[in-house]
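Per chain, numbering begins at 1; letters A, B, ... match sequence-line order. All values derive from a computational prediction rather than experimental measurement.
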Amino acid sequence: MPLQIYNSYTRQKEIFESVTPGHVGMYVCGPTVSGESHLGHARPYITFDVVYRFLQHKKYKVRYVRNITDAGHFEEEGREAEDKVSKKAQLEKLEPMELVQKYTNLFHWAMKQFNCIEPSIEPTATGHIVEQIGMIEDIIAKGYAYEVNGSVYFDVKKYAASHDYGKLSGRVIDELLDSSNRDSVTRELDGQNEKRDAADFALWKAAPPEHIMRWKSPWGEGFPGWHIECSAMATKYLGATFDIHGGGMDLLFPHHESEIAQSTICNHAAPVKYWIHNNMITINGRKMGKSYNNVIKLTELFSGDHPLLQQAFHPMTVRFFILQSHYRSTLDFSNDALLASEKALKRLWEAYEILQKLTIENEGEINQELDEKLNNWLQEFEMFMDDDFSSPKVIANMFEMAPVINSFKDGIIPVNSIRSATLALMQERFKTFLEEIFGLTATDSGNNEKMKPVMELLLELRKEAKAKKDFATSDRIRNQLNAIGIIIKDEKDGNTSWGLA
RNA sequence: GGUCCUGUGGCCGAGUGGCUAGGCAGAGCUCUGCAAAAGCUCGUACAGCGGUUCGAAUCCGCUCGGGACCUCCA
């Protein structure tokens with residue numbers, strides 16, 4: 001079964017065929033490094049990390065480009081005298097690039113916590129001013145942009161006359177162009193008078209004197225508009241038309257719509273074959289965002305230091321929580337929901353570790369029904385992921401198998417009642433999907449080399465005490481360990497295992 | 001105001017017209033020196049009202065509720 005992807009541009013699932021056979025070019029809108037990343041930001045990066053991993057699993061050579069926006073966006077075209085990055089830099093008395101460095105480092109740290117693979121190229125906006133200026137000059141030369149007082153605007157009306165502006169975001173172009181229609185959006189902006197039409201967007205903005213981040217351009221000193229950076233960098237590294245462009249749904253308009261317009265004019269081709277957009281993370285039914293004042297930063301999530309959190313959550317718990325819902329659904333955050341994910345992941349991971357240790361010496365009488373059921377579940381892993389990356393269904397199948405695996409271990413079902421080929425396939429599929437595609441890792445950090453012999457000694461002592469029916473001693477060991485967060489489990493075969501709570 | 005999405009059991013969440021999603025929490029049982037873990041079993045669902053259909057959570061219409069975008073935004 002071929003990979004199918006829901007394309008936001010056509011609003012339907014399409015069979016994935018890459019522009020260049022065997023290769024995939026993927027661009028994902030990266031962070032604006034003017035502040036700390038929050039839980040909402042984690043979703044696209046984890047979602048597209050899984051997309052990246054799955055494409056590689058499908059044997060594609062993938063060039064994954066994810067930008068760092070370090071030039072700053074505008075609060076509103078022209079409304080703020082300064083862009084976000086430089087404004088905050090002054091408040092915090094930091095050099096703009098110092099601030100950029102700080103949050104870039106923090107972002108990279110968070111990505112590492114989530115076990116996200118680094119992109120192939122991580123270009124910065126400030127490193128590509130030349131390319132952006134070149135692209136703007138090209139758009140002007142082709143007659144789709146105009147300069148006013150040192151700023152350059154894209155002529156949406158002209159573009160819309162011959163192109164489908166608004167298709168991606170489902171916007172009605174006449175409404176966008178007719179500013180009298182926008183009664184709720186009365187924009188009294190300085191840039192507004194310069195524009196020929198309210199729908200036009202900035203490609204380049206003249207920098208007022210106090211603006212720190214500024215570059216020389218054919219139109220005077222200024223800084224690039226927000227949308228041009230992605231067009232310039234995507235074109236440079238992925239070509240005129242590339243396979244996948246990803247990002248959050250909130251970027252559909254105006255960002256991605258504008259990107260399509262800019263690139264289409266410059267390259268005479270639609271820039272992207274498949275647009276993929278992840279849905280938002282909500283908190284009490286509201287989108288998580290600065291304007292709603294309901295942000296949980298990643299550092300707060302990992303430390304538990306937030307009024308909405310009862311405890312710290314491991315990055316893998318968060319990753320699992322995100323993978324348990326489909327990327328195009330909204331995902332509602334709560335402490336309880338995360339707690340449930342934490343327990344679920346623990347259970348699944350324990351079953352996975354048990355699975356990897358199972359062996360079959362000699363096949364016994366084969367339980368055909370069970371053997372077949374297991375094979376079906378395993379086969380569906382790939383099918384579900386092929387169907388627009390349906391990770392929740394794969395996870396559900398894994399949970400179907402967890403009781404079977406546990407029963408093998410406890411001897412409730414003999415392991416050799418399934419074919420050894422089936423067991424081998426289970427071990428391989430679980431490893432591939434859980435570790436390589438979902439990018440999950442063990443969370444049991446206390447299980448290190450020094451700890452093992454110590455625990456073995458303690459468990460040996462406890463076993464001896466139990467043999468002598470000295471339950472006071474055996475319970476003392478168990479309870480003391482329990483108190484410091486180590487759980488002892490007596491198993492059916494008389495062995496004892498342990499793990500962190 | 002415009003465009004679009006959505007409403008599933010205590011909670012989170014899959015659901016392609018007909019067959020138990022799954023997880024967490026809860027109840028009972030088995031195993032266990034006791035516990036934990038594990039296994040087995042159980043319960044309450046498809047916002048409301050109409051329509052299409054042999055049959056609808058799934059398609060259509062209306063009503064009510066929630067949300068997103070239209071402005072920086074993952």
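When distances run from any side-chain atom of A:N278 to the nucleotides B:A21, B:C40, B:A74, the shortest one goes to B:A74. Taking the side chain of A:I487 as heavy atoms from C-beta on, and the options B:C69, B:A74, B:A36, the nearest nucleotide is B:A36. For A:I412, the side-chain atoms get nearest to B:G39 when compared with the rest of B:G39, B:G13, B:A74. When distances are taken from the side chain of A:D475 to each of B:C34, B:A74, B:C70, the shortest belongs to B:C34. Counting only heavy atoms from C-beta on, A:A337 has its side chain closest to B:C12 among B:C70, B:C12, B:G39. Among B:G13, B:A35, B:G39, the nucleotide with an atom closest to any side-chain atom of A:D332 is B:G13.
When each of A:G247 and A:D410 is assigned the nucleotide of RNA chain B bearing its nearest heavy atom, the one mapping closer to the 5' terminus is A:D410. Each of A:D490 and A:S329 lies near RNA chain B, and the nucleotide nearest A:S329 is the one positioned closer to the 5' end.
Between A:R286 and B:A68 there is a side-chain N or O to OP1 or OP2 distance below 4.0 Å. Phosphate contact (OP1/OP2 of B:G39, side-chain N/O of A:N406, threshold under 4.0 Å): present. Put simply, A:R347 has a side-chain N or O that comes within less than 4.0 Å of OP1 or OP2 on B:A38. Not one side-chain nitrogen or oxygen of A:T330 sits closer than 4.0 Å to the OP1 or OP2 atom of B:C5. Remark: A:K343 is in phosphate contact with B:A25, judged by side-chain N or O atoms under 4.0 Å from OP1 or OP2. For the pair A:Y292 and B:A68, the criterion of a side-chain N or O lying under 4.0 Å from OP1 or OP2 is met.
In this structure, CE of A:M280 is placed 17 Å from C1' of B:G66, rounded to the nearest angstrom. If you measure from atom CD1 of A:I413 to atom P of B:U30, you get 20 Å, rounded to the nearest angstrom. The CZ-P distance, from A:R171 to B:C5, rounds to 12 Å in whole Å. When the P atom of B:A74 is taken as reference, atom CE of A:M111 falls 12 Å away, rounded to whole Å. Between the C1' atom of B:G39 and the CD atom of A:E491 lies a distance of 13 Å, rounded to the nearest Å. What separates CZ of A:R462 from P of B:A36 is a distance of 13 Å, to the nearest Å. Residue A:I322 contributes atom CD1, which lies 14 Å from atom C1' of B:C12 at whole-angstrom precision. The separation between A:E257 atom CD and B:C4 atom C1' is 14 Å, rounded to whole Å.
Across all strands shown, B:G33 forms no Watson-Crick or G-U wobble pair with both key distances under 3.5 Å. With a cut-off of 3.5 Å on both Watson-Crick or G-U wobble distances, the partner of B:A27 is given as B:U41. Pair assignment for B:A47 gives B:U63, based on Watson-Crick or G-U wobble hydrogen-bonding distances that are each under 3.5 Å. In this structure, B:A68 and B:U3 make a Watson-Crick or G-U wobble pair, each of the two defining distances being under 3.5 angstrom.
If you take atom P in B:G15 and the same atom in B:G22, they sit 14 Å apart, rounded to whole Å. Taking atom P in both B:G55 and B:C5, the straight-line distance is 28 Å, to the nearest Å. Rounded to the nearest Å, the gap between the C1' atom of B:C19 and that of B:A27 is 27 Å. Across B:A57 and B:U6, the matching C1' atoms stand 14 Å from one another, rounded to whole Å. Nucleotides B:G9 and B:U20 are separated by 14 Å at their C1' atoms, to the nearest Å. Comparing B:G17 with B:C31, their P atoms are spaced 46 Å from each other, to the whole Å. The gap from the C1' atom of B:C46 to that of B:A21 amounts to 14 Å, rounded to the nearest Å. Rounded to a whole angstrom, the distance from the C1' atom of B:C60 to that of B:C24 is 36 Å.
A donor-acceptor contact shorter than 3.5 Å links the side chain of A:S120 to the backbone of A:Y64. Formation of a donor-acceptor pair under 3.5 Å by the A:D200 side chain with backbone atoms of A:V156 is found in this model.
A:L348 comes within contact range of no nucleotide atom at all, as no heavy-atom separation falls under 4.0 Å. Base engagement by A:M288 is indicated by at least one non-hydrogen atom pair under 4.0 Å involving a base atom. No engagement by A:L252 is indicated, since no non-hydrogen atom pair under 4.0 Å with the nucleic acid exists. A:I281 comes within 4.0 angstrom of a nucleotide base, judged by non-hydrogen atoms across all strands. Residue A:K393 is in sugar-phosphate contact alone, with no base atom involved, counting any heavy-atom pair closer than 4.0 Å across all strands shown. The residue A:A344 sits close only to the backbone: its heavy atoms come under 4.0 Å of sugar-phosphate atoms, none of a base. Residue contacts shown for A:H326 are limited to sugar-phosphate atoms, with no base heavy atom under 4.0 Å away. Among the heavy atoms of the strands lying under 4.0 Å from A:E400 are primed sugar atoms or P, OP1, OP2 only; no base atom is included. Contact annotation for A:S474: base contact, defined as any heavy-atom pair under 4.0 Å involving a base atom. Residue contacts shown for A:G289 are absent, as no nucleic acid heavy atom lies under 4.0 Å away.
A:N279 contributes no side-chain N or O that forms a donor-acceptor pair with the base of B:A74 under 3.5 Å. With hydrogens and angles ignored, no donor-acceptor pair under 3.5 angstrom links the side chain of A:N397 to the base of B:G22. One N or O donor and one acceptor, one from the side chain of A:R478 and one from the base of B:C34, sit under 3.5 Å apart.
Of the N and O atoms on the side chains of A:T443 and A:H314, not one donor lies less than 3.5 Å from an acceptor on the other residue. Side-chain contact, A:N67 with A:Y27: a donor N or O sits under 3.5 Å from an acceptor N or O. Residues A:D371 and A:N367 bring no donor and acceptor atom of their side chains to less than 3.5 Å of each other.
Contact check on A:E350 versus A:K409 returns no salt bridge, with no Lys/Arg side-chain nitrogen under 4.0 Å from an Asp/Glu carboxylate oxygen.
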Please step through side chain to side chain contact (heavy atoms under 4.5 Å, CB included) for the pair A:Y9 and A:I260, ending with a clear verdict.
CA-CA 11 Å; A:Y9 193 71; A:I260 291 175; 3.9 Å; yes

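For A:E122, the CD atom sits in a packed shell: over 12 heavy atoms of surrounding residues, nucleotides or ligands are nearer than 6.0 Å.
Remark: ring of A:F399 not stacked against base of B:G23; the cut-offs of centroid gap under 5.5 Å and plane tilt under 30° are not jointly satisfied.
For the pair A:R429 and A:F381, the cation-pi criterion (under 6.0 Å, within 45° of the ring axis) is not fulfilled.
Ring orientation note: the planes of A:W349 and A:Y352 are nearly perpendicular, at an angle over 60° on the 30°/60° scale.
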